[in-house]
Peer 1: 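Before anything else, here's the structure in question.
Atoms within each ligand, like the ligands themselves, are counted from 1 in listed order. Because the structure is a prediction, the values reported are computed rather than measured.
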Amino acid sequence: MRTDILGVGFDDLTLAEASTAGAALTEAEGFHYAVTPNPEFILAARKDPAFRQVLLGADLVLADGVGIVYSAKILGRPLKGRVPGIEFAQRLVSWMAAHGKRLFLLGAKPGVAELAAARLKASQPNLIVCGTHDGYFKEDAPVVEAIRAAAADVVFVCLGAPKQEFWMAKNGPATGAHLMVGLGGSLDVFAGVVDRAPAGFQKLGLEWLYRLMKEPKRAGRMARLPLVLAYALGERMGGK
Ligand code: UDP
C-alpha cells in the first residue's frame with residue numbers, strides 16, 4: 001500500500017529498504033522503473049494527468065526531499081523519512097559493483113556522463129559501467145539500441161523531470177534493462193560538475209536552500225515548495 005501525498009502514491013521506505021527494493025527489481029524478470037518525486041513533481045502532476053499516471057505506474061516511488069516528508073506529516077500520514085535520489089543511487093551502485101551488474105548512464109550535457117562514470121569507477125573499482133550517452137538527443141531509437149547493445153541491467157536516466165519519467169515509461173521495455181531510475185541532475189553531481197550541499201545542510205534537509213544560495217535563479221521554481229505544504233494543509237483541514 002502506498003502513502004498518498006496530494007495524488008501521488010509514495011513507498012514508505014527507509015533508504016536501506018529502498019536500496020534493497022531496487023536490488024530486487026534489478027534481479028527480477030522484466031522491466032521496472034523508479035521515480036524520485038519532490039514537491040515540484042507533485043505540482044506538475046496535478047496539472048498534467050499523463051505525468052501523474054507515469055508516476056503512479058512506477059515500481060518504486062521514493063520521497064526525494066524534505067518537502068514530501070513535511071507534506072506527509074501535515075496530512076497525518078507520516079513517512080519513515082526522505083530517500084534522496086542521489087543516496088539511493090549511491091547505494092545501488094555499491095550493490096551493483098558487488099554483484100557484477102551493468103550500469104548505463106544517460107543524460108546531462110555531452111561529456112558529463114563519461115566523467116561521472118570515471119568518478120564512480122574510482123570509488124567502486126568493481127563497478128561495470130557498460131555505456132554512457134548525453135541527454136540532448138533528438139531520436140529515441142539509437143539511444144534505446146545503445147542501451148540494448150550494452151546489455152545494461154540498470155540505467156540512471158538524468159534528463160530532468162518530467163522528460164525522464166516519460167522517457168523511461170515509453171522506452172524502457174525495449175532496452176532490455178531491468179531497472180531505470182529517474183535521477184534529475186545527479187550525473188552533474190557524480191561528475192563533480194555541481195557540488196552536493198555540505199553535510200550540515202544535508203543533515204537538516206536543507207539541500208534545497210543550499211542550491212538556492214548557489215543558483216538564485218531557481219527561486220521561482222522553489223517558491224512552489226510552500227505551495228505544496230499549503231495544499232497539504234488545505235486537504236487536512238478539509239477533512240480528507
Ligand atoms: N538534461 C538533459 N536533457 C534535457 C534537459 C536536461 O540531459 O533535454 C539534464 C541537465 O543537463 C541536467 C539534468 O537533466 O543534468 C537535470 O537538470 P535539473 O537540475 O533541471 O533537474 P532536477 O535535478 O532539478 O530535476
Peer 1: At a 4.0 Å threshold, what atoms of ligand 1 neighbour a non-hydrogen atom of G184?
Peer 2: 13 (C), 16 (C), 23 (O), 25 (O)
Peer 1: Would you mind running through ligand 1 and noting each atom that sits below 4.0 Å from a heavy atom of R211?
Peer 2: 19 (O), 23 (O), 24 (O)
Peer 1: List every atom of ligand 1 that sits less than 4.0 Å from any heavy atom of K163, numbering the atoms from 1 in the order shown and giving each element.
Peer 2: 4 (C), 8 (O)
Peer 1: Under 3.5 Å between any N/O of G135 and any N/O of ligand 1: does that happen in this structure?
Peer 2: yes
Peer 1: Answer side chain, backbone, both or neither: which part of D188 comes under 4.0 Å from ligand 1, heavy atoms only.
Peer 2: side chain
Peer 1: Checking the side chain of Q202 only, and the main-chain atoms of A197 only, is there a donor and an acceptor separated by less than 3.5 Å?
Peer 2: yes
Peer 1: Does Q164 reach the main-chain N or O of G184 with its side chain, forming a donor-acceptor pair under 3.5 Å?
Peer 2: yes
Peer 1: Are any side-chain N or O atoms of N38 and backbone N or O atoms of E40, one a donor and one an acceptor, separated by less than 3.5 Å?
Peer 2: yes
Peer 1: Among C158, P37, G107, which one has a heavy atom closest to atom 9 (C) of ligand 1?
Peer 2: C158
Peer 1: Is the cationic atom of R148 (NZ for Lys, CZ for Arg) positioned less than 6.0 Å from the six-membered ring centroid of F104 and within 45 degrees of its normal?
Peer 2: no
Peer 1: Using 30° and 60° as the class boundaries, would you call the ring planes of F156 and F190 parallel, tilted or perpendicular?
Peer 2: parallel
